K.L.:
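The structure is given below, and queries will be raised subsequently.
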Amino acid sequence: MRTIWFISDTHFGHSGILSFKKKDGTKLRPEFETADEMDEYMIARWNSVVAPKDKVYHLGDVVIKKDYLWYMDRLNGHKRLVRGNHAIFPTKEYLKYFDEIYGVRVFEDLILSHIPLHPESLKHWTCVHGHVHNNRPQGHFGPKYYNVSVEMIDYTPITLEELRK
């Protein structure tokens, strides 16, 4: 049986993210000295849990520069992309690496988006999102939100079952 995974905001190849600060003034990703170190760590974490036949929903901000999209070939699983605010390249560039591409995706009782959706949009769904990294604690927007930004999930995709807990 294939496992379904979720992750967001990898920002592969983005050295600038290493200088980003959280609201408390500390570094967003203090674990890493270089973008290469960060990228290799996230690739290893991903491949340590995702099997080649699994399905992975990446909820946006995969890369900042198109030059790093090829990293998707290094990652296990059949990948689906929910476009984020940094998904600025033509769709055909992403289709080389992703089986499907969405703006938002309704998945059972979940709605997958890059940004947290307005509460009135969530009458029937829980919003699984990224975008805010770890500047908002889990559930900050309410119980119908789950943040899968890499900083919130130890840089490792999270399963549908884990998410539902």
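Note that the coordinates shown come from a computational prediction; the quantities given were computed from them, not determined experimentally.
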K.L.:
Has Asp39 got a side-chain atom pairing as donor or acceptor with Phe12's backbone, closer than 3.5 angstrom?
P.N.:
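No, because the side chain of Asp39 does not come within donor-acceptor range (under 3.5 Å) of the backbone of Phe12.
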
K.L.:
Any side-chain to backbone donor/acceptor pair from Lys79 onto Gly77? Under 3.5 Å, distance only.
P.N.:
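Here the side-chain-to-backbone pair exists.
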
K.L.:
Looking at every non-hydrogen atom in both residues, tell me the closest pair between Pro116 and Cys127 and how far apart they are.
P.N.:
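In this case the closest contact between Pro116 and Cys127 is CA-SG, 4.1 Å.
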
K.L.:
For the CG atom of Leu18 and the NZ atom of Lys27, what is their distance to the nearest 0.5 Å?
P.N.:
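Reported value, rounded in 0.5 Å steps: 6.5 Å.
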
K.L.:
Write down the atom of Pro157, the atom of Val50, and the distance for their closest heavy-atom approach.
P.N.:
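The pair with the smallest heavy-atom distance is CG-CG2, 4.0 Å.
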
K.L.:
Nearest heavy-atom pair of His131 and Ser8: which atoms, and what distance?
P.N.:
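Residues His131 and Ser8, closest heavy atoms: N-OG, 4.1 Å.
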
K.L.:
To the nearest 0.5 Å, tell me how far Ile17 CD1 sits from Glu151 CD.
P.N.:
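It comes to 6.0 Å.
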
K.L.:
Is the distance between the ring centroids of His58 and Tyr94 less than 6.0 Å?
P.N.:
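Not close enough - the centres of the two rings lie 6.0 Å or further apart.
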
K.L.:
With distance as the sole test, does Glu37 use its side chain to make a donor-acceptor pair with the main-chain N or O of Glu33 at under 3.5 Å?
P.N.:
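Here the side-chain-to-backbone pair exists.
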
K.L.:
Could you tell me whether the side chain of Thr10 and the main chain of Val62 form a donor-acceptor pair under 3.5 Å?
P.N.:
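Indeed, once roles are kept as given, a pair shorter than 3.5 Å links the two residues.
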
K.L.:
NZ/Lys55 to CZ/Arg80 distance, rounded to the nearest 0.5 angstrom?
P.N.:
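CZ of Arg80 is found 4.5 Å from NZ of Lys55.
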
K.L.:
Is it true that Val104 and Tyr145 fall in one hydrophobic cluster, defined by side-chain heavy atoms closer than 4.5 Å?
P.N.:
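Result: no, two separate clusters.
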
K.L.:
Would you compute the distance between atom CG of Asp54 and atom CZ of Arg2 and round it to the nearest 0.5 angstrom?
P.N.:
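So the gap between those two atoms works out to 8.0 Å.
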
K.L.:
Indicate the ring-plane relationship of Tyr71 and Tyr68, choosing parallel, tilted or perpendicular according to the 30° and 60° boundaries.
P.N.:
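Ring orientation, 0 to 90° scale: perpendicular.
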
K.L.:
Just how far is it from atom CZ of Phe32 to atom OH of Tyr155, taken to the nearest 0.5 Å?
P.N.:
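Phe32 CZ to Tyr155 OH: 4.5 Å, rounded to 0.5 Å.
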
K.L.:
Hey, is the main chain of Trp125 close enough, under 3.5 Å, to the side chain of Lys144 for a donor-acceptor pair?
P.N.:
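Indeed, once roles are kept as given, a pair shorter than 3.5 Å links the two residues.
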
K.L.:
On a heavy-atom basis, which atom in Val82 and which in Leu112 lie closest, and how many Å separate them?
P.N.:
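Reported closest heavy-atom pair: CG1-O, 3.9 Å.
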
K.L.:
Distance from Asp154 atom CG to Glu31 atom CD, nearest 0.5 Å?
P.N.:
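These two atoms lie 8.0 Å from each other.
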
K.L.:
Quick one, His114 with His86, criterion ring pair (Phe, Tyr, Trp, His ring centres under 6.0 Å). Give me CA distance, side-chain angles, the key distance, then yes/no.
P.N.:
CA-CA 10 Å; His114 178 62; His86 292 292; 7.7 Å; no

K.L.:
I'd like to know if Ile7 and Ile64 are part of one continuous hydrophobic network [Ile/Leu/Val/Met/Phe/Trp/Tyr, side-chain heavy atoms within less than 4.5 Å].
P.N.:
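No, separate clusters.
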
K.L.:
More than 12 non-hydrogen atoms from neighbouring residues, nucleotides or ligands closer than 6.0 Å to CD on Glu161, yes or no?
P.N.:
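Atom CD in Glu161 is packed in, count exceeds 12.
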
K.L.:
Determine whether a donor-acceptor pair (N or O, by modelled atom type, separation under 3.5 Å) exists between the side chain of Asn47 and the backbone of Asn76.
P.N.:
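Yes; at least one donor-acceptor contact below 3.5 Å.
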
K.L.:
Are Ser149 and Asn147 close enough that a side-chain donor and a side-chain acceptor fall under 3.5 Å?
P.N.:
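The answer is yes; a qualifying pair exists.
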
K.L.:
Ring centroid separation for Phe6 and Tyr146, is it under 6.0 angstrom?
P.N.:
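No.
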
K.L.:
Measure across Val148 and Ile153 and return the closest heavy-atom pair with its distance rounded to 0.1 Å.
P.N.:
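Smallest heavy-atom distance, with atoms named: O-CD1, 3.5 Å.
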
K.L.:
When clusters are formed by joining ILVMFWY residues with side-chain heavy atoms under 4.5 Å apart, either directly or through shared neighbours, do Val49 and Met72 land in the same one?
P.N.:
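Yes: a chain of side-chain contacts under 4.5 Å links Val49 to Met72.
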
K.L.:
Might you point out which heavy atoms bring His78 and Lys53 nearest each other, and give the distance in Å?
P.N.:
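Here His78 and Lys53 meet closest at CD2-O, 3.7 Å.
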
K.L.:
Before accepting this row, confirm whether a basic side-chain N of the pair Arg29/Asp9 lies closer than 4.0 Å to the acidic partner's carboxylate O.
P.N.:
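Judged by the 4.0 Å cut-off on N to carboxylate O distance, Arg29 and Asp9 do not form a salt bridge.
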
